[in-house]
Amino acid sequence: MLFNSLTFVVFFVVVVTAYWSIHSWIARKNLLVTASYVFYGAWNPPFAALLFSTTAMDFWLGRQIAKAKDKPSRRAWLVGSVCMNLSMLGFFKYGNFLLENFQWILARIGIIYHPPHLDILLPVGISFYTFHSLSYTLDIYRGVLQPTRSLRDFVLAVSFFPQLVAGPIVRAGDFLPQLVRPPALRIGQFMWGLLLMTLGLFEKIVLADTMLAGSADRIFGYAGPLVALDSWLGVMAFAGQIFFDFAGYSTCAIGAALCLGFHLKDNFRFPYAAIGFSDFWRRWHISLSTFLRDYLYIPLGGNQVRPMRAAINLVIVMFLGGLWHGAAWTFVVWGLLHGSYLVIERVIRVLFENKPWANNSATRTLAWFATYGAVCIAWVFFRASDFTIATRMLGGMFGGHAHGDAILSTREILQVAIVTAFMIAAHWTLRESNIETAVTRLPRWAVTTAWALMASAIILTQGTSNAFIYFQF
Amino acid sequence: MPSSTSNFNRILRLPRLFFRPPTEAESVHGGPPLEFERPIPQIPWRGITVVVVLVVIAAACAWEFYCRSIGYGPTLNDDEDLWTMTRQRVTPESIVIIGDSRGWYDLDLDELQKGLGKRPVQLAMGGGCGYPVLADLANDKTFHGTIICSFVPWLFFAPPGSPPMERGEKAVRRSHTQTPAQRTSEYFAMPLEEHVAFLKQQDLTLEQLLKRLPIPNRPNALVPPRLPPYFGTVDRERRARMIEECARGEKLATTIQQIWLPIFTPPPPPSYIPKDVFMAKIKDAIEKRFRDTIEAVEKLRARGGKIVFVRLPVSGGLKVLEDQATPRNRTWDPLLQGTRAPGIYFEDFPELAGFNCPEWSHLSAGDSVEFSKRLVPHLRAALGL
């Protein structure tokens, strides 16, 4: 079920009304489990069984890890959990990709092999809920979490519908403690949740789908060479689209959770105001970047190893981060580009950090500009469905097509330019702050007007229930 | 605590006020305590919410009133979910109308039911190519009914990847992959769309309103032609009817006439492919469509199904353009020869040829009833009923 659908509106009203009408905390949690499985099953009911089986297995494995008396046994149970989760992910998400690449490798050594194309339907949000569930056994193994005694609580932690299919990646350790005591209904929190849901839907329906998606789709779908202006605008449109799409989903999730009395952490913090790539990754998809940091980068040695080893670790982490997004080499290149950016940034910091000009406003502006430009270049690989398109786009962006075509209308150019300028200005304004502070400081009439305008724009836009981009991951 | 949460807090720089030590009860799970609570802006929420709700309701009512005052009325949006619901009504022996918007507007289900003995299922779609639907029905092993296929060459031979082809493919794909959530949303949407005039996705969304802004384009920009504004209604059976304002043949109709011409004019070859290569590709695509159509018709016929192609009325400058760009002897005649299927070309019969399309491409709602009545004997003859 999509947040931007009528079904969700009705579903949410029914669930919230029932939830706050019930006194028993146990019954409320049962309601949320049922609602979450209905929410998920509304895409494809059999996949709800897959979700449950993964969750139940990790619940059991978590207990085994905690019960194990020595480290090798604990590790063996953890390996079991990691293998179970990753093999599920591997089969559904990477099955055909692996077969195709295996075929390619065999062909290089002269063996002709035609594997059958597996007709696998990708369960929505499998990458997200696998990580929700995996965080539980990983944290028990790390000794920072004790297993819960309640299967129902763990099932709810993994499947809680606001964050189930497209994040944020909520760790069991962050959610389970919230299931101990029933939250109280607080009007301010509930209304703030509704305002965040309005903001999230506005970002998705109005800004991502209406103002930017059309231009990005046309540019990336065009089969011929493009002039530099159109190429750059197409990439900038996609940069804005993916931010508003994904941040919009996260904002909706945080808002919906607040309406039910739960607290989810921020997943985005104005990433297009980032100065440098490490700053970017502290602001973009925070729940994934911290997940990869804590469960991959730090176990690999983190910053406590030689600089060369740390650089290799960074690239490995970003390579896997890219692959997490999709079973395609374009995503791998996107991840490797970001890994390279992070390594280059480290080198630059070592070389120039103590220079007097390193932190002046001109340098910072230049660094921001370079960060935004490099992030946009990486987006080309994220959006392009193959390297031919990516190469053509880069050719257009860097003036390789002197006689390229211009395909954007003036209206589209204005839309992309205005929304991008608005987005960057907003990110810069709120760079060191947060939206809660901004809303508290704004005059009441401004909050009222902004909320009413966003809600009216959503109604006017109507939406066509376009799926969120991150559903496919 | 060595958890990531503490790092996270440092990164977020959230006020200390929002963190508190864990209670005893919370330590049941033993892990990172509940040390994160989202800050809630302290503003007068009740007052703000009441004002927002009132303003949004007032704005929606004003917009609805304005839309009705300029001629819009409530109607269903013809999207993939409505098409899918209609597709699900197809039974093994159904009579099914497929093809483009002429089959959608010009054929009256009541008259066809009276004349053919069964109520047809309307699967033709505006701006759509009929081939994906034909192929889908041909591949549906349970179907052995009758297909009435509206034929507009420009749309039927649309190449893969073109908007008409994508429209048909998207609808067929949705019918195979529709989720329970999508079906439920359609059930919720229909009563709303039947009562609210501004819920019109093809005309009154923010995107469509922005597209209407009179902003000149760069002289060399390859911008797709504009699509026509709202001129018809759709009901739950997907029966399309032209609205009166358009049927009168006044300003709305003349505006649409001028919109059809660029849409039906073959575009110049793309700059990045040599013209002869492009023309060869188009030729191959058309030949392939002929072959695929023949194969689909044979599959259908092998199961006892029937098909009749119909060329429905077209008028004015659009008829001149279609006759030039897609002449009968290069489209209609080879199609019938190849498929060995019966066909009804409106110009061949005086009782079908005398209709005028107000906006050059479709019949008015009134004329569609009369036209269908006159078409029935020809359909019966063609289908051997």
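Below, chains carry the letters A, B, ... as their sequence lines are ordered, and counting in each starts from 1. In what follows, every heavy atom counts, from backbone to side chain, and hydrogens, waters and symmetry copies are set aside. Not measured: the values here are computed from a predicted model.
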>> For a ring pair (Phe, Tyr, Trp, His ring centres under 6.0 Å) check, start with the C-alpha distance between A/Phe11 and B/Phe188, then their side-chain angles and the critical distance, and finish with the verdict.
In response: CA-CA 11 Å; A/Phe11 166 86; B/Phe188 287 134; over 10 Å; no
Using heavy-atom distances under 4.5 Å, tell me whether [X] contacts chain B through its side chain, its backbone, both, or neither.
| X | answer |
| --- | --- |
| A/Ile435 | neither |
| A/Leu453 | neither |
| A/Val38 | neither |
| A/Ala172 | neither |
| A/Leu229 | side chain |
| A/Val10 | side chain |
| A/Tyr222 | side chain |
| A/Leu414 | side chain |
| A/Ile140 | neither |
| A/Leu408 | both |

Between [atom1] of [X] and [atom2] of [Y], what distance do you get to the nearest 0.5 Å?
| X | Y | atom1 | atom2 | answer |
| --- | --- | --- | --- | --- |
| B/Gln208 | A/Thr210 | CD | OG1 | 9.5 Å |
| B/Ser185 | A/Leu6 | OG | CG | 5.5 Å |
| A/Arg411 | B/Arg212 | CZ | CZ | 12.0 Å |
| B/Lys211 | A/Glu412 | NZ | CD | 7.5 Å |

> Hey, which of B/Asn220, B/Ile273, B/Leu210 has the most heavy atom pairs under 4.5 Å with chain A?
Replying inline: B/Leu210
>> At a heavy-atom distance under 4.5 Å, which candidate from B/Leu213, B/Thr177, B/Val223 has the highest pair count against chain A?
In response: B/Val223
>> Before you tell me yes or no, could you show the steps for B/Leu206 and A/Val206 under side-chain contact (heavy atoms from CB on, under 4.5 Å), namely the whole-Å CA-CA distance, both residues' side-chain angles and the distance that decides it to 0.1 Å?
In response: CA-CA 8 Å; B/Leu206 181 62; A/Val206 179; 3.8 Å; yes
> Would you say the side-chain atoms of A/Thr7 and B/Thr184 include a donor-acceptor pair closer than 3.5 Å?
Replying inline: no
Other residues, nucleotides, ligands: >12 heavy atoms within 6.0 Å of [X] [atom1]:
| X | atom1 | result |
| --- | --- | --- |
| A/Arg444 | CZ | yes |
| B/Arg236 | CZ | yes |
| B/Tyr66 | OH | no |

Which heavy-atom pair separates [X] from [Y] by the least distance, and what is that distance?
| X | Y | value |
| --- | --- | --- |
| A/Trp43 | B/Pro180 | O-CD, 3.7 Å |
| A/Thr410 | B/Pro216 | OG1-O, 2.7 Å |
| A/Ala42 | B/Thr179 | O-CB, 3.3 Å |
| B/Arg38 | A/His263 | N-ND1, 2.8 Å |

> Do side-chain atoms of B/Asn217 reach the backbone of A/Ser409 as a donor and acceptor pair under 3.5 angstrom?
Replying inline: no
> In terms of heavy-atom pairs under 4.5 Å with chain B, which of A/Thr437, A/Leu194, A/Ile254 leads?
Replying inline: A/Ile254
> Looking at A/His403, A/Gln415, A/Arg218, A/Met211, which makes the most heavy-atom pairs under 4.5 Å with chain B?
Replying inline: A/Arg218
>> Give me each pair satisfying salt bridge (Lys or Arg N to Asp or Glu O under 4.0 Å) with a member in residues 214-225 of chain B, each pair once, sequence neighbours excluded.
In response: A/Asp230-B/Arg218
Could you pull out every donor-acceptor pair under 3.5 Å between side chains of residues 39-61 of chain B and any protein atom, sequence neighbours left out?
residue: B/Gln42; atom: NE2; partner: B/Ile40; partner atom: O; Å: 2.8
residue: B/Trp45; atom: NE1; partner: B/Pro41; partner atom: O; Å: 2.9
residue: B/Thr49; atom: OG1; partner: B/Trp45; partner atom: O; Å: 2.6

